[in-house]
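The figures here come from the full heavy-atom set of this structure, side chains too, leaving out hydrogens, waters and symmetry mates. For ligands, and for the atoms within them, numbers begin at 1 and follow the listed sequence.
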Amino acid sequence: MKTVIVWFRKDLRLHDNEALYKAIQSADQIIPFYCFEESEYGKTHFGFNKTGSFRAQFNIESVSQLRENLLAIGSELCIRNGKTADELLKLVKETNAEKIYSSKDIHSEEIAIQKEVEERLAIPIDYSFGACLYHVNDLPHPYQDTAEVFTSFRKGLEKKARVRELYPSPSKLPKVKIDIDWGSLPSIEDLGLKRIPIDSRAAIKAKGGENEALKRLDHYFFQSLALQEYKNRRNGLLGEDYSSKFSLWLWNGCISPRMIYWKVKEFEKEVKKNQSTYWLIFELIWRDYFKYISLKHGNKIFQLEGIGKSERNWEIDKERFEKWANGETGIPFIDANMRELNSTGFMSNRGRQNVASFLSKEVQLDWRMGAEYFESMLIDYDVASNYGNWMYVSGVGNDPRDRYFNIISQAKRYDANGEFVKHWLPELAEMDASNVHHPWTANQVLFSNDISYPKPMVEPDYWKKYY
Ligand SMILES: Cc1cc2nc3c(=O)[nH]c(=O)nc-3n(C[C@H](O)[C@H](O)[C@H](O)COP(=O)(O)OP(=O)(O)OC[C@H]3O[C@@H](n4cnc5c(N)ncnc54)[C@H](O)[C@@H]3O)c2cc1C
C-alpha cells in the first residue's frame, strides 16, 4: 500500500488543489497534514507580532473548515502546532509515508521551512504552484525577466498566456487505516495571542474557510450582482460590497485565483460582460505581478532601498510612528483608516494607499515600519502584495511615476460628506462636512477635553488649497 502525505500550507482548500489532486492519482492512502508553524508566530524586526490576532483567528477557522471538508469526504486532517520539520519527520516515521505532496512558497522564510523539511526527510517532496492566476511555467517570459512596469507585464500575459483549467474537487478520499493521533485545533492562546473580537462597525463580517470563500464569491457575483459595478465602486470605503473582499481568503488559499477567474467567465456568459468584469481580473493580475516581482528580486523587497534606485532620508521615530499606528495623527482620513485596521484587520485599497503614502512621504519614516505593522495587523497579509505595494507607494518599487497622495484632496474626493471618517471617529460626529477632513480650520472648539481629537502632526502647504 502506497502512503503519501499532503502537506497543506497556503492552499487550505479542496478545489483547484494540484498537490491534493496529484496525491490522489498516485497513492492508496493519503494523510492530509497542516502545521501551525511556530516561526510564523514570532516577532517582526520592529517587534510586532508576525501574525496578529485577527489573522491567527481567521486561519484557525480556515484550518477547522478544511478538516470538516476532509471529514465529509471520508478522510481527516492531522493538525500540529510547532516546528513543521519536526512534526513531519515524526509523521513520516509513524505512517511509513513514501512521498509528500505540497505547494511551493516563494519567500525566504517560507523557503527556509521547505529547505529544512527537505534536508531532514529522506523521502521526496513533489511541489505544485497554485498561488497565482497565471502559472509560472505559462508566463511568456522567464520570471527573472518580469517587466518592471506593470502594464508591460499585463499586456504580455493578456496576449500570450492563458489561465489553466481548475483541478477538480475530490468527492471521496480513501479512509486512513493507520491509527494516528489526528491532533486538535489550537486556540488563539495556544499560539501566544489574545483573542480580539472584530468591531461591529467592520465593513464585512468574514470567517475563514473554503466554504465561506465560495459563499462570498457566489454572493458578490450571482446574488448581489455587485461584480457588474465593481469598477465604479472599488474605491469605496464603507460596506461589504464596494469591493470583492476576496483578499481575505486568497492569502491562505481558501480560494484559488483561478476559481475566481473562471467564475468571472461564467458571469460574463450568463449575466453580463463589461468593464467591471474585466477589471476584477485586471486586479488579480496586479496580485500576480507582485508575486513575480518578489520571485525575481528575492529579499530586496524587504530592504530600505527596495528594488528602486532612489536615495531618500528615512527616519525611525517611535513616537511619530505610534501616532500613525494608533490613528492619532490628527488627520481624520488617516486616523479613520488606521482605526479601521486596528479594530477589524481590514482596510480598503484607497485607505492603504493613503496611509502608506502619508507615513513614507509626509512623515518620512522607514516605510518598512508601516509594512511590518500591516504584516501584523492585516487578515489578508500577503508577503508579495504587501511589500510590493508598500515599495510602490513609498517610491522604491515599481511605480514609474513615483506618485504622491495629497491626503486632503483624496479625503474630499473619496469621502465627500465625511461619512467614513465619522464612522470611525465618533468624536467628529458633529463636525460639518466642509471641515471634517481638516477640523483644525473649523471655528468649533475641538481641542478641548470635551472633544478630544489631536491637532495635526503635520500640515504641508500643498494641502491648503483643498481646504
Ligand atoms: C500599502 C498596501 C499594502 C497592501 N497589502 C496587501 C496585502 O498584504 N495583501 C493583499 O492581498 N493585498 C494588499 N494590498 C492590495 C489591496 O489593497 C488589497 O488586495 C485589496 O484592498 C483587498 O480588498 P478586496 O479583496 O476587496 O479587493 P478588490 O478590489 O475586490 O480586488 C480583487 C483582488 O485583486 C487583488 N488586488 C487588488 N488590488 C491589488 C493591489 N494593489 N495589489 C495586489 N493585488 C491587488 C487582490 O487579490 C484582491 O482581493 C495592499 C495595498 C497597499 C496600497
Side-chain angles (χ1 to χ4, degrees), residues 10 51-52 54-55 58 107 131-133 150 153-154 203-204 206 213 216-217 219-221 226-227 229-261 263-264 276-294 301 306 324 334 337-338 340-341 344-361 367-399 403 405 410:
K10 290 197 173 119
T51 304
F54 294 128
R55 186 161 74 257
F58 197 91
H107 304 292
C132 287
L133 184 58
F150 169 72
F153 172 79
R154 174 180 60 78
I204 183 167
R216 173 69 192 163
L217 185 69
H219 166 86
Y220 191 74
F221 285 17
L227 174 60
E229 293 296 327
Y230 171 68
K231 189 157 186 259
N232 308 326
R233 295 181 66 191
R234 57 179 282 275
N235 281 307
L237 300 162
L238 283 169
E240 195 175 286
D241 287 341
Y242 66 79
S243 68
S244 73
K245 312 293 188 294
F246 293 156
S247 60
L248 295 170
W249 294 277
L250 278 163
W251 74 273
N252 68 356
C254 286
I255 195 162
S256 116
R258 292 189 291 237
M259 171 63 104
I260 300 174
Y261 175 89
K263 283 285 172 192
V264 171
S276 285
T277 55
Y278 166 72
W279 214 262
L280 193 81
I281 295 171
F282 177 98
E283 292 298 338
L284 287 174
I285 299 178
W286 265 110
R287 180 175 174 275
D288 271 18
Y289 182 58
F290 286 126
K291 289 228 184 278
Y292 289 118
I293 281 291
S294 12
I301 65 166
W324 175 84
I334 300 301
N337 276 296
M338 292 307 292
E340 178 183 20
L341 175 67
T344 70
F346 188 79
M347 191 194 292
S348 68
N349 185 55
R350 186 54 46 186
R352 294 180 206 205
Q353 288 175 318
N354 274 276
V355 301
S357 177
F358 179 79
L359 184 82
S360 63
K361 293 192 169 152
W367 62 272
R368 296 169 308 171
M369 296 177 89
E372 282 191 14
Y373 190 70
F374 268 33
E375 174 172 350
S376 182
M377 297 302 295
L378 281 173
I379 292 177
D380 67 21
Y381 167 66
D382 171 276
V383 182
S385 286
N386 191 53
Y387 282 85
N389 274 291
W390 267 96
M391 286 193 302
Y392 191 94
V393 176
S394 307
V396 295
N398 301 93
D399 184 1
R403 247 161 289 229
F405 288 81
Q410 288 273 309

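- Considering Leu133, Ile255, Ile281 in turn, Ile255 is the only one that fulfils the side-chain contact (heavy atoms from CB on, under 4.5 Å) rule with Ile260.
- Closest protein heavy atom to atom 45 (C) of ligand 1: Glu283 O, 3.8 Å.
- The distance from atom OG of Ser276 to atom CZ of Arg233, rounded to the nearest 0.5 Å, is 10.0 Å.
- Heavy-atom proximity to Phe290, at under 4.0 Å, picks out these atoms of ligand 1: 42 (N), 43 (C).
- Checked by distance only, ligand 1 and Asn389 come closer than 3.5 Å through their nitrogen or oxygen atoms.
- Proximity annotation for atom 3 (C) of ligand 1: of Asn386, Val393, Ile204, Asn386 comes nearest, heavy atoms only.
- Here atom 53 (C) of ligand 1 lies nearest to Arg352 when heavy atoms of Arg55, Arg216, Arg352 are compared.
- The shortest separation from a heavy atom of Tyr289 to ligand 1 is not under 4.0 Å, leaving the residue out of contact.
- The shortest N or O to N or O distance between Ser243 and ligand 1 is below 3.5 Å.
- Close approach of ligand 1 to Gln353 (heavy-atom distance below 4.0 Å) involves ligand atoms 53 (C).
- Distances between N or O atoms of Trp390 and those of ligand 1 include no value under 3.5 Å.
- Every atom of ligand 1 is numbered from 1 in the order shown, and the set under 4.0 Å from a heavy atom of Phe346 is 23 (O).
- If you look at Leu250 next to ligand 1, the close heavy atoms, those under 4.0 Å, all belong to the side chain.
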Q: Would you please test Glu375 and Tyr387 for side-chain hydrogen bond (donor to acceptor under 3.5 Å, both in side chains) and show each step?
A: CA-CA 9 Å; Glu375 174 172 350; Tyr387 282 85; 2.9 Å; yes

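- Ligand 1 lies out of reach of Tyr392, whose nearest heavy atom is not under 4.0 Å from it.
- The six-membered or imidazole ring of Tyr261 lies away from that of Phe246, with a centre-to-centre distance of 6.0 Å or more.
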